[in-house]
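All ligand and atom numbering here is 1-based and tracks the order in the structure.
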Amino acid sequence: MADIGTLLRDRLAAAFETVTGSTVDPVLRRSQRADFQANGALALKDRSVAAEVVAAAGLGDLCSRVEVAGPGYINLTVADETLNRMLAATAADERLGVSTVEPETVLVDYSGPNVAKEMHVGHLRSTVIGDAAARVLEFLGHRVIRQNHIGDWGTNFGMLVEHHVEGGVIDERNLSAFYAGARERFTEDDGFRDRARRRAVALQDGDPETVALWRSFVGISRRYLTGVYDQLGVRLRDEDIAGESDYVGALDGIVAELQAKGLLHDSDGALCAFPEGFNGPLIVRKSDGGYGYAATDLAALKYRCRTLGATRLLYVVGAPQRQHLEMVFAVGRAAGWLVPPARAQHVSFGSVLGLDGRMLRSRTGRAVQLAELLDEAISRARAPEIAMGALKYADLSTDRNKDYVYDPQRMLAFTGDTGPYVQYANVRARSILAKAGGDGPRREFAVAGPVDHALAVELLGFPGVVAQAGETLELHRLAGYLHDLAAAFTTFFERAPVLRGQEREGRLALCELTSRTLRTGLDLLGIQAPDRM
Ligand code: ARG
């Protein structure tokens with residue numbers, strides 16, 4: 001089922017082709033003056049083209065009004081009968097008009113906290129953005145593989161395991177305190193330092209007792225993570241964890257293969273790749289023989305392409321890791337693992353700032369614990385689903401490439417561009433439907449007047465927005481759409497008498513479709529839609 005924007009765009013594109021003999025993008029936009037505006041004729045600097053296009057497009061069956069204005073804008077008002085017909089088709093469709101796409105195996109690498117270190121707000125962003133992306137892609141019909149690339153390996157773990165063995169107390173909600181305790185002992189106590197180093201070697205060599213201790217230590221962190229994901233309503237399960245430790249056994253083979261392909265060079269004892277187009281090296285094996293973050297990522301890339309069969313790989317990771325990831329992708333291509341049409345993309349995001357415009361810090365000046373942040377939101381909100389919705393919406397409604405300011409007061413408000421505002425529009429729709437009684441589905445639409453009309457046009461925009469979000473992963477456009485829909489509904493709700501008016505059935509149908517669209521859209525963002533607030 002085509003959405004209204006696509007229908008109009010296709011018609012206009014064909015007309016532009018007839019008139020000009022070449023391909024012209026109609027540049028269709030929503031408009032203040034009419035429902036839509038097509039600006040494609042502007043670039044041609046010939047107002048008469050616009051008039052000819054209008055004549056050639058023959059939009060009489062879809063629009064009630066088509067006008068050329070100014071230097072060649074085409075203003076389009078959709079006919080109410082068209083809206084009623086399309087609304088009925090949308091309401092009859094379980095998927096609300098969103099078509100499924102040619103399915104691909106899409107791998108989404110997100111969250112990726114480091115189990116023994118501070119889980120910072122950047123991990124929260126990755127978790128929220130990645131989960132929404134995965135939901136949208138799944139809804140569009142892709143086979144989505146979620147991968148949580150946790151940092152659970154490295155020399156630090158020798159120290160941590162030793163601290164654990166020697167009585168260091170682990171507070172699951174505050175793992176960084178444990179980390180800090182281990183660090184302190186490591187710097188101050190020579191004996192401990194030696195034992196920690198021996199522990200690291202034992203872990204590396206697979207000493208069964210040490211490995212068992214490491215496993216229990218990582219297990220505690222994983223339980224904590226599962227708790228956070230549950231609280232957030234994020235669909236990351238234990239099976240989605242593929243930590244750095246899972247690739248340890250593959251690293252020698254990865255190096256051997258890259259060496260055989262002539263992709264590694266010795267640099268002061270370290271083995272480095274120098275992918276084309278980058279200045280520095282990608283250090284694959286350190287001079288002490290140890291493997292780092294890059295080696296693991298290369299092993300993961302090969303596994304994801306070859307074993308999991310992913311053809312679209314999305315890495316939801318903060319902006320500072322851009323160079324690292326691009327280099328890993330480049331080496332993966334050179335090695336023949338990442339082969340077109342398979343492609344990898346860094347789904348980058350900016351930082352979370354405090355109200356002072358600087359990196360978010362807690363009152364004591366250290367980085368903010370994730371748990372603290374969630375607890376704060378929950379204590380300020382009326383219900384957990386409102387708190388989590390607010391938090392996620394605040395993150396997802398800004399262009400992910402930009403930094404955003406964490407402002408609990410603003411994000412929890414019932415007015416403005418907030419999660420609770422969108423949730424509340426749905427609550428209003430539900431309450432009116434409950435009052436009306438008589439279970440849906442309601443499929444008889446009878447758009448009556450400008451307020452109904454505006455809401456109807458908004459409703460029909462959903463399929464286009466979801467399809468676009470799946471391609472660009474610009475989730476803020478989906479959030480923005482839901483906000484606009486909530487706003488159109490709020491206006492409708494306040495101005496149009498629903499239950500008492502003549503148009504009762506048609507308006508109840510609008511309420512029902514609005515609620516379904518808001519719920520589906522919020523669900524795609526990972527946000528709950530409570531019936532009451
Ligand atoms: N653990 C990393 C960090 O905290 C993020 C992992 C991202 N994914 C990856 N495949 N490198 O920075």
Side-chain angles (χ1 to χ4, degrees), residues 106-131 133-134 144-157 160 175-176 179 217-218 221-222 224-225 228-229 234 236 240-248 250-251 254 273 275 278 282-284 291-308 310 312-333 335 337-338 342-352 359-360 366-371 373 400 473:
V106 187
L107 185 138
V108 189
D109 174 326
Y110 69 104
S111 198
N114 304 311
V115 299
K117 286 196 212 139
E118 197 89 40
M119 184 164 175
H120 55 73
V121 287
H123 294 118
L124 177 65
R125 286 213 82 180
S126 172
T127 305
V128 169
I129 295 169
D131 203 55
V144 173
I145 302 177
R146 293 166 166 81
Q147 289 282 278
N148 190 358
H149 192 83
I150 62 171
D152 60 357
W153 194 252
T155 42
N156 273 340
F157 284 89
L160 294 165
L175 288 168
S176 36
Y179 185 83
F217 175 75
V218 171
S221 299
R222 287 170 64 143
Y224 154 73
L225 284 180
V228 171
Y229 297 146
V234 160
L236 269 175
D240 302 321
I241 294 183
E244 295 186 25
S245 66
D246 284 309
Y247 300 101
V248 169
L251 300 179
I254 290 290
F278 296 90
L282 182 72
I283 304 174
V284 180
Y291 294 110
Y293 191 49
T296 308
D297 258 324
L298 288 167
L301 180 61
K302 180 179 178 187
Y303 172 75
R304 291 165 177 190
C305 294
R306 290 280 178 84
T307 308
L308 298 179
R312 186 179 177 194
L313 293 87
L314 304 173
Y315 286 67
V316 188
V317 182
Q321 292 190 40
R322 189 185 66 90
Q323 160 116 337
H324 161 77
L325 289 172
E326 295 296 346
M327 287 175 106
V328 167
F329 301 159
V331 174
R333 280 190 294 269
W337 303 327
L338 183 60
R343 67 251 181 243
Q345 184 191 346
H346 175 205
V347 180
S348 179
F349 55 81
S351 311
V352 183
M359 296 292 271
L360 191 63
R366 55 178 178 69
V368 173
Q369 294 280 333
L370 194 67
L373 215 70
R400 63 179 156 76
L473 304 172

For D240, the salt bridge (Lys or Arg N to Asp or Glu O under 4.0 Å) test, sequence neighbours excluded, returns R237
Pocket residues around ligand 1 (non-hydrogen, under 4.0 Å) come out as D109, G112, N114, H123, H149, Y293, D297, Y315, V317, Q321
- Query: Between the side chain of H324 and the main-chain N/O of A294, is any donor-acceptor distance below 3.5 Å?
  - Reply: no
For D109, the salt bridge (Lys or Arg N to Asp or Glu O under 4.0 Å) test, sequence neighbours excluded, returns R304
In this structure, is the centre-to-centre distance between the rings of Y315 and F329 below 6.0 Å?
yes
When you measure from the side chain of D152 to the backbone of S245, do you find a donor-acceptor pair of N or O atoms at a distance under 3.5 Å? yes
Across all chains, not counting sequence neighbours, the salt bridge (Lys or Arg N to Asp or Glu O under 4.0 Å) partners of R222 are D238
